[in-house]
Number of protein chains: 2
Amino acid sequence: MKLQLQIKMNEALFLRNPESSALGKNILKHSVHLIYKMGFETFTFKKLAEDIGTTEAGIYRYFENKHKLLVYLTAWYWGWLEFQISFHTNNIKDPVVKLKRVIKLLATAVEDDEQTSYINESLLHQIIIAEGSKAYLTKQVGEDNKQQFFKPYKDLCAVIGNIILECSTKYKYPKSLASTIIEMAHFQNFFMNNLPSLTDFGKTKEESEIIAFLNDLVFTSLKKS
Amino acid sequence: MKLQLQIKMNEALFLRNPESSALGKNILKHSVHLIYKMGFETFTFKKLAEDIGTTEAGIYRYFENKHKLLVYLTAWYWGWLEFQISFHTNNIKDPVVKLKRVIKLLATAVEDDEQTSYINESLLHQIIIAEGSKAYLTKQVGEDNKQQFFKPYKDLCAVIGNIILECSTKYKYPKSLASTIIEMAHFQNFFMNNLPSLTDFGKTKEESEIIAFLNDLVFTSLKKS
DNA sequence: TATTTATAATAGTATTACTATCATTTAGAA
DNA sequence: TTCTAAATGATAGTAATACTATTATAAATA
């Protein structure tokens with residue numbers, strides 16, 4: 001039996017559900033490849049259409065604009081990651097072990113799961129690192145937030161915040177620490193590979209060092225309080 | 001006597017030095033206002049020209065494109081902040097006190113110093129929070145970095161990293177902790193105001209809480225090691 | 001005063017970010 | 001199987017963006 005993980009997406013993110021047709025799935029698949037390859041600012045619907053072998057107008061029937069598509073992809077990623085976390089921390093009782101597992105999942109390049117879906121999670125992980133913040137660093141954050149576009153991110157943050165509280169009931173900043181872990185898992189990776197002097201991992205460029213840093217940061221904070 | 005702080009800017013950031021003429025200074029001044037008001041993606045040189053009362057071509061004589069202008073503004077900000085830090089921590093011997101002062105400077109909305117220059121530091125601080133990462137989250141980071149565009153940021157990070165080492169010689173991640181402090185001072189502020197459930201400060205929206213969070217995070221890490 | 005240099009005014013191009021129309025194919029219902 | 005509706009493809013077109021180029025004029029400097 002092959003199980004297909006379906007992530008329930010916010011309907012306001014698209015005009016036509018991209019998971020409902022071959023073209024839609026192609027849009028998701030090729031946009032991940034293209035954004036990964038050329039970066040979000042250089043990426044256009046025209047180029048995407050050419051890559052797929054369809055027309056620009058075809059893409060616009062699914063997504064209003066490329067910002068919505070980016071938000072869709074990030075939302076998908078956070079949803080997927082929350083599932084990964086709940087899957088991999090299932091049955092773990094010790095919250096410290098659980099939190100360590102979460103940090104590892106956040107900071108580790110995922111191996112792609114070509115079977116699972118038309119989305120290459122490994123490339124998407126790289127996109128989230130380099131482009132993810134652009135989904136909310138806009139003037140429309142407020143409206144986008146009202147439409148619940150960032151719910152998957154907030155849910156994930158809440159989940160991690162709760163594990164933090166399990167580790168240390170008295171800790172005062174569970175949510176901020178959770179968002180710090182998430183953001184830093186990605187930023188330290190980007191810095192390590194692109195602006196290495198902003199990190200202590202420039203020599204080896206090993207993800208394991210980021211994990212060690214985050215573990216140190218988090219667990220000294222939690223042990224003390 | 002009135003002292004004017006001059007920040008030495010990387011010459012590759014501009015075509016003509018904007019500090020060398022009235023128009024150039026207007027470009028800096030109005031771009032800060034406009035980017036603050038409408039966000040970086042909606043901001044164009046055309047709109048900037050209209051705002052100033054000059055022509056698009058006029059702007060292009062100073063800056064190759066809006067990305068370079070953003071990098072210029074962020075570089076200026078980091079240079080300015082490094083000066084603020086060296087000024088405000090001068091004569092402080094205790095590195096812990098020094099680091100606390102640094103955190104406060106990073107996380108506090110600066111009061112504008114209208115005298116100092118044509119750049120409104122208070123608005124620029126807001127721009128750095130919302131747009132700053134876009135200066136390096138691009139496909140050209142590598143080339144931009146080769147041209148030393150991010151030197152002021154890296155210098156600041158190095159300064160903070162050294163203070164961290166003064167606090168605790170054995171601490172293993174001074175640079176990563178420094179970049180974490182810098183980024184989180186800004187991201188927690190953005191989250192607090194725009195996606196409050198990602199923080200523990202949504203109720204009060206007080207900068208002082210971000211400072212308390214960062215102090216807690218940093219000093220438990222440093223005390224332990 | 002002559003001469004360089006900066007600015008203003010204007011024009012023009014390629015690309016981006018869309019919207020609209022209509023013909024054709026495909027998929028599902030009768 | 002046939003009819004119908006929906007999705008796609010092909011094509012066109014528009015306004016805005018991101019520039020480059022040209023020439024005239026004004027300001028600064030030698």
Side-chain angles (χ1 to χ4, degrees), chain A residues 9 11-31 34-35 37-73 118 131 134-135 138-140 143-144, chain B residues 9 11-31 34-35 37-73 118 131 134-135 138-140 143-144:
Chain A
M9 299 298 296
E11 307 240 327
L13 280 171
F14 49 77
L15 299 170
R16 208 202 287 309
N17 189 346
E19 298 190 281
S20 71
S21 72
L23 177 58
K25 286 169 187 170
N26 264 322
I27 290 174
L28 297 179
K29 179 177 178 165
H30 285 82
S31 64
L34 269 189
I35 295 173
K37 198 162 80 182
M38 57 199 196
F40 187 65
E41 7 289 324
T42 333
F43 166 84
T44 69
F45 276 5
K46 182 112 184 278
K47 290 169 186 167
L48 176 59
E50 274 157 24
D51 202 53
I52 295 175
T54 183
T55 59
E56 228 183 325
I59 316 285
Y60 279 105
R61 275 190 215 104
Y62 284 84
F63 289 100
E64 222 179 304
N65 53 50
K66 69 176 188 169
H67 176 246
K68 284 264 173 74
L69 174 55
L70 179 66
V71 176
Y72 182 98
L73 291 174
Y118 27 89
E131 325 284 357
K134 296 170 192 168
T138 70
K139 275 286 157 186
Q140 335 130 47
E143 295 128 68
D144 285 0
Chain B
M9 298 299 294
E11 306 239 326
L13 280 172
F14 49 76
L15 299 169
R16 208 201 285 307
N17 189 345
E19 297 191 281
S20 71
S21 72
L23 176 58
K25 287 170 187 170
N26 262 323
I27 290 173
L28 297 179
K29 179 176 178 164
H30 285 81
S31 64
L34 268 189
I35 295 173
K37 197 161 79 181
M38 58 199 194
F40 187 65
E41 7 289 325
T42 335
F43 166 83
T44 69
F45 276 4
K46 181 112 185 280
K47 289 169 186 166
L48 176 58
E50 274 158 22
D51 201 52
I52 295 175
T54 181
T55 60
E56 228 182 326
I59 317 284
Y60 278 105
R61 269 186 232 111
Y62 284 85
F63 289 100
E64 223 179 304
N65 52 52
K66 70 176 188 169
H67 176 248
K68 284 265 172 73
L69 174 56
L70 179 65
V71 176
Y72 182 99
L73 292 174
Y118 25 89
E131 325 282 359
K134 296 170 192 169
T138 71
K139 276 285 158 186
Q140 336 128 49
E143 296 127 66
D144 285 359

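Each chain gets a letter, A, B and so on, in the order its sequence line appears, and its residues count up from 1.
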Gap separating the CG atom of N26(B) from the OG1 atom of T54(B), nearest 0.5 angstrom: 9.0 Å

Distance in angstrom units between I27(A) CD1 and dT8(D) C1', rounded: 11 Å

Whole angstrom value for the distance that separates P of dA7(D) from CG of N17(A): 11 Å

Exam field: side chain K139(A) to backbone E41(B), donor-acceptor pair closer than 3.5 Å: no

Exercise: do Y62(A) and S21(A) side chains pair donor with acceptor under 3.5 Å: yes

Within 45° cone of F43(B) ring axis and under 6.0 Å: K66(B) NZ or CZ: no

K68(A) NZ - dA17(C) P separation (whole Å): 15 Å

Polar side-chain atom of K47(B) near backbone of T42(B) as donor-acceptor pair, under 3.5 Å: yes

Spacing between F63(A) atom CZ and dC18(C) atom P, to the nearest angstrom: 14 Å

Selection: residues 45-62 of chain A, any non-hydrogen atom under 4.0 Å of DNA chain C: K47(A), E56(A), A57(A), Y60(A)

Separation of atom CD in E19(A) from atom P in dA7(D), rounded to whole Å: 16 Å

Separation of dA16(D) P from K66(B) NZ (nearest whole Å): 16 Å

5′-ward residue of the pair F43(B)/A22(A) relative to DNA chain D: A22(A)

Pairwise distance OG1(T55(B)) to CZ(F45(B)) - rounded to 0.5 angstrom: 12.5 Å

Protein-nucleotide distance (F40(B), atom CZ; dT17(D), atom P), rounded to Å: 14 Å

Value in whole Å for how far the C1' atom of dA17(C) lies from CG of L15(A): 14 Å

